[in-house]
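Have a look at the structure below before the remarks.
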2 protein chains.
Amino acid sequence: MKTQELLRDKKLKVTPARIELIELFKREKKPLSYEDIKDTINMDRATFYRNMNKFEEVGLFSVFESNSKIRFFEFKLTPHAHFICIECHSIECIKSLDIKLDGYEVHNMTIKGRCKNCTL
Amino acid sequence: MKTQELLRDKKLKVTPARIELIELFKREKKPLSYEDIKDTINMDRATFYRNMNKFEEVGLFSVFESNSKIRFFEFKLTPHAHFICIECHSIECIKSLDIKLDGYEVHNMTIKGRCKNCTL
DNA sequence: AACTTTAATGCAACTTAGTCGCATTAAATG
DNA sequence: CATTTAATGCGACTAAGTTGCATTAAAGTT
Ligand SMILES: [Mn+2]
Ligand SMILES: [Mn+2]
Ligand SMILES: [Zn+2]
Ligand SMILES: [Zn+2]
């Protein structure tokens with residue numbers, strides 16, 4: 001779906017900052033933090049966070065916290081889990097798990113542990 | 001296992017603060033934040049966090065971040081997932097899921113979404 | 001039991017991801 | 001184009017968690 005439609009659909013104003021963010025995350029296809037992209041984006045920190053919070057609210061993005069209080073954002077295509085390594089701090093998308101919980105509305109899931117490289 | 005043994009086993013010094021923390025979390029049997037217990041424990045904030053970090057390192061506790069950067073600690077009996085509601089912010093232990101990932105060492109898991117009460 | 005080593009504690013200062021207030025600017029609607 | 005309403009930038013702020021340092025208390029040793 002086109003970025004502008006996406007925004008109109010959610011009744012959000014179409015602004016350069018929002019287009020920039022959505023296009024960037026559509027391209028990257030992986031979770032990124034503010035720190036990761038602050039030098040490549042063209043907007044204030046507050047604008048970044050305000051927009052990402054809104055994107056999460058309306059369901060365009062999923063958000064999760066890594067080890068140590070850093071927030072990661074990902075454009076929501078197909079819902080899937082994320083594995084966060086406590087050793088090397090890498091984050092992997094885990095598409096093989098399909099989590100269902102009766103009665104609950106599952107938005108996203110994170111698994112913490114040691115990744116393949118770090119479980120020697 | 002007795003608290004003192006538990007500590008000796010992990011080669012941690014047996015101190016009043018550590019005993020207090022472990023006994024408290026053994027009793028409560030659920031994830032708690034510093035905020036939750038600061039008024040009932042008898043130690044400095046720094047001591048609390050230093051000990052909890054150590055407890056996680058040695059595998060006595062599992063730790064996860066809720067919505068919004070607050071860290072929750074739980075005495076590790078049987079590993080299980082936690083459901084965090086984005087609406088009412090409640091945290092539920094989900095014992096029915098048993099997550100295995102080949103090659104990975106899974107420590108803990110959090111699921112975000114709407115809980116039974118909040119999915120009207 | 002005293003002696004020594006090493007790690008734990010309290011306190012205050014610090015760090016830092018994220019938020020907020022406010023004045024300014026720019027979308028949307030007609 | 002005029003009006004309304006929401007988004008932006010900026011700086012100040014918040015608060016969870018950390019760190020440095022002097023002090024105290026475990027644990028091991030004589
Ligand atoms: Mn992913
Ligand atoms: Mn639990
Ligand atoms: Zn790893
Ligand atoms: Zn709920």
Side-chain angles (χ1 to χ4, degrees), chain A residues 2-24 31-58 60-74 84 86 89 91, chain B residues 2-24 31-58 60-74 84 86 89 91:
Chain A
K2 240 180 95 205
T3 302
Q4 295 211 353
E5 294 178 65
L6 229 47
L7 287 166
R8 292 221 183 79
D9 209 58
K10 300 294 186 182
K11 280 150 181 54
L12 297 177
K13 283 188 180 172
V14 178
T15 69
R18 286 176 178 166
I19 292 172
E20 193 184 353
L21 286 174
I22 292 182
E23 307 263 286
L24 186 157
L32 298 166
S33 67
Y34 174 68
E35 196 61 22
D36 289 334
I37 60 169
K38 66 173 181 193
D39 293 328
T40 74
I41 58 175
N42 196 28
M43 74 195 66
D44 189 68
R45 199 171 62 240
T47 303
F48 171 84
Y49 282 114
R50 279 190 282 233
N51 278 322
M52 298 316 282
N53 287 343
K54 197 140 263 174
F55 291 163
E56 185 188 27
E57 276 171 37
V58 301
L60 284 177
F61 277 68
S62 54
V63 181
F64 60 90
E65 341 243 319
S66 75
N67 293 336
S68 283
K69 61 204 152 117
I70 294 172
R71 213 161 279 181
F72 282 79
F73 304 90
E74 184 180 48
I84 304 173
I86 59 163
H89 300 105
I91 296 178
Chain B
K2 239 181 99 206
T3 301
Q4 296 211 351
E5 293 179 66
L6 228 47
L7 288 167
R8 293 221 182 80
D9 210 56
K10 300 295 184 182
K11 283 156 178 48
L12 297 177
K13 282 188 181 173
V14 178
T15 69
R18 287 179 177 164
I19 293 173
E20 192 185 355
L21 287 174
I22 293 183
E23 305 264 286
L24 186 158
L32 297 166
S33 67
Y34 173 69
E35 196 61 23
D36 290 334
I37 60 169
K38 66 173 181 192
D39 293 329
T40 74
I41 59 174
N42 195 30
M43 76 195 65
D44 188 66
R45 200 169 64 240
T47 303
F48 171 83
Y49 282 115
R50 279 192 281 233
N51 278 322
M52 298 316 281
N53 286 345
K54 197 138 263 176
F55 291 164
E56 185 189 26
E57 275 171 38
V58 300
L60 284 176
F61 277 69
S62 54
V63 181
F64 59 91
E65 341 244 318
S66 76
N67 293 336
S68 283
K69 60 200 153 123
I70 295 171
R71 213 161 280 182
F72 282 80
F73 304 90
E74 185 181 46
I84 304 173
I86 59 163
H89 300 105
I91 296 180

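Note on naming: letters A, B, ... go to the chains in the order of the sequence lines (proteins, then strands), and numbering restarts at 1 for each one.
- The closest side-chain heavy-atom distance from A:F73 to A:L21 is not below 4.5 Å.
- Taking atom CD of B:E56 as the reference point, atom P of D:dG17 lies 12 Å away to the nearest angstrom.
- Listed candidates were C:dT9, D:dA7, C:dA17. Nearest to the side chain of A:T15 is D:dA7.
- Atom CE in B:M52 sits roughly 15 Å away from atom P in C:dA8 (whole-Å rounding).
- Atom-to-atom, CG of A:D44 to P of C:dA23 comes out at 17 Å; the value is rounded to the nearest Å.
- A:F64 and A:F72 have parallel rings, their planes meeting at less than 30° on a 0 to 90° scale where 60° marks the start of perpendicular.
- Here the nucleotide nearest the side chain of A:T47, chosen from D:dT19, C:dT19, D:dG9, is D:dG9.
- Comparing D:dT8, C:dT19, D:dA6 against the side chain of A:K13 picks out D:dA6 as the nearest.
- Side-chain contact check for A:N53 versus A:F61: every heavy-atom pair is 4.5 Å or farther apart.
- When each of D:dT18, D:dA7, D:dG9 is scored by its nearest atom to the side-chain atoms of A:M43, the top-ranked nucleotide is D:dG9.
- Of the inter-residue distances, the one linking A:K2 atom NZ with A:I19 atom CD1 reads 9.0 Å to the nearest 0.5 angstrom.
- The distance from atom CD1 of A:I70 to atom C1' of D:dA15 is 16 Å, rounded to the nearest whole Å.
- Each of B:P16 and B:E35 was matched to the nucleotide of DNA chain D holding its nearest heavy atom; the match closer to the 5' end belongs to B:E35.
- Residue A:K54 has its side chain nearest to D:dA7 when only D:dA7, D:dC10, D:dG17 are considered.
- A close approach under 4.0 Å does not occur between any side-chain nitrogen or oxygen of B:N53 and OP1 or OP2 of D:dG17.
- Contact annotation: A:R71 side-chain N/O to C:dT19 OP1/OP2 distance is under 4.0 Å.
- Contact annotation: side chain of B:R50 to base of D:dG17, donor-acceptor pair absent below 3.5 Å.
- Close to C:dT19, at under 4.0 Å from its OP1 or OP2, lies no side-chain N or O of A:R45.
- Rounding to whole angstrom units, CG of residue A:N42 and P of D:dA7 are separated by 18 Å.
- From A:E74, atom CD reaches atom CE of A:M52 across 10.0 Å, with rounding to the nearest 0.5 Å.
- Atom-to-atom, CD of A:E20 to C1' of D:dT8 comes out at 13 Å; the value is rounded to the nearest Å.
- With rounding to whole Å, A:K11 atom NZ is found 13 Å from C:dA28 atom P.
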Under the side chain to side chain contact (heavy atoms under 4.5 Å, CB included) criterion, do A:I41 and A:Y34 qualify, and how do the steps go? CA-CA 9 Å; A:I41 58 175; A:Y34 174 68; 4.3 Å; yes
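- At a threshold of 4.5 Å between non-hydrogen side-chain atoms, the residues B:F55 and B:V63 do not count as touching.
- The side chain of A:Y49 places an N or O atom within less than 4.0 Å of a non-bridging phosphate oxygen (OP1 or OP2) of C:dG18.
- Across the helix from C:dA1-D:dT30 to C:dG30-D:dC1, the helix axis at one end is tilted relative to the axis at the other end by 50° (nearest 10 degrees, each axis from five pairs).
- Across the protein-nucleic acid pair, B:L32 atom CG and D:dG17 atom C1' stand 17 Å apart, rounded to whole Å.
- Here A:L12 lies out of heavy-atom contact (under 4.0 Å) with every strand.
- Note on residues 4-24 of chain A: no pairs pass salt bridge (Lys or Arg N to Asp or Glu O under 4.0 Å), not counting sequence neighbours.
- At least one side-chain nitrogen or oxygen of A:N51 sits closer than 4.0 Å to the OP1 or OP2 atom of D:dT8.
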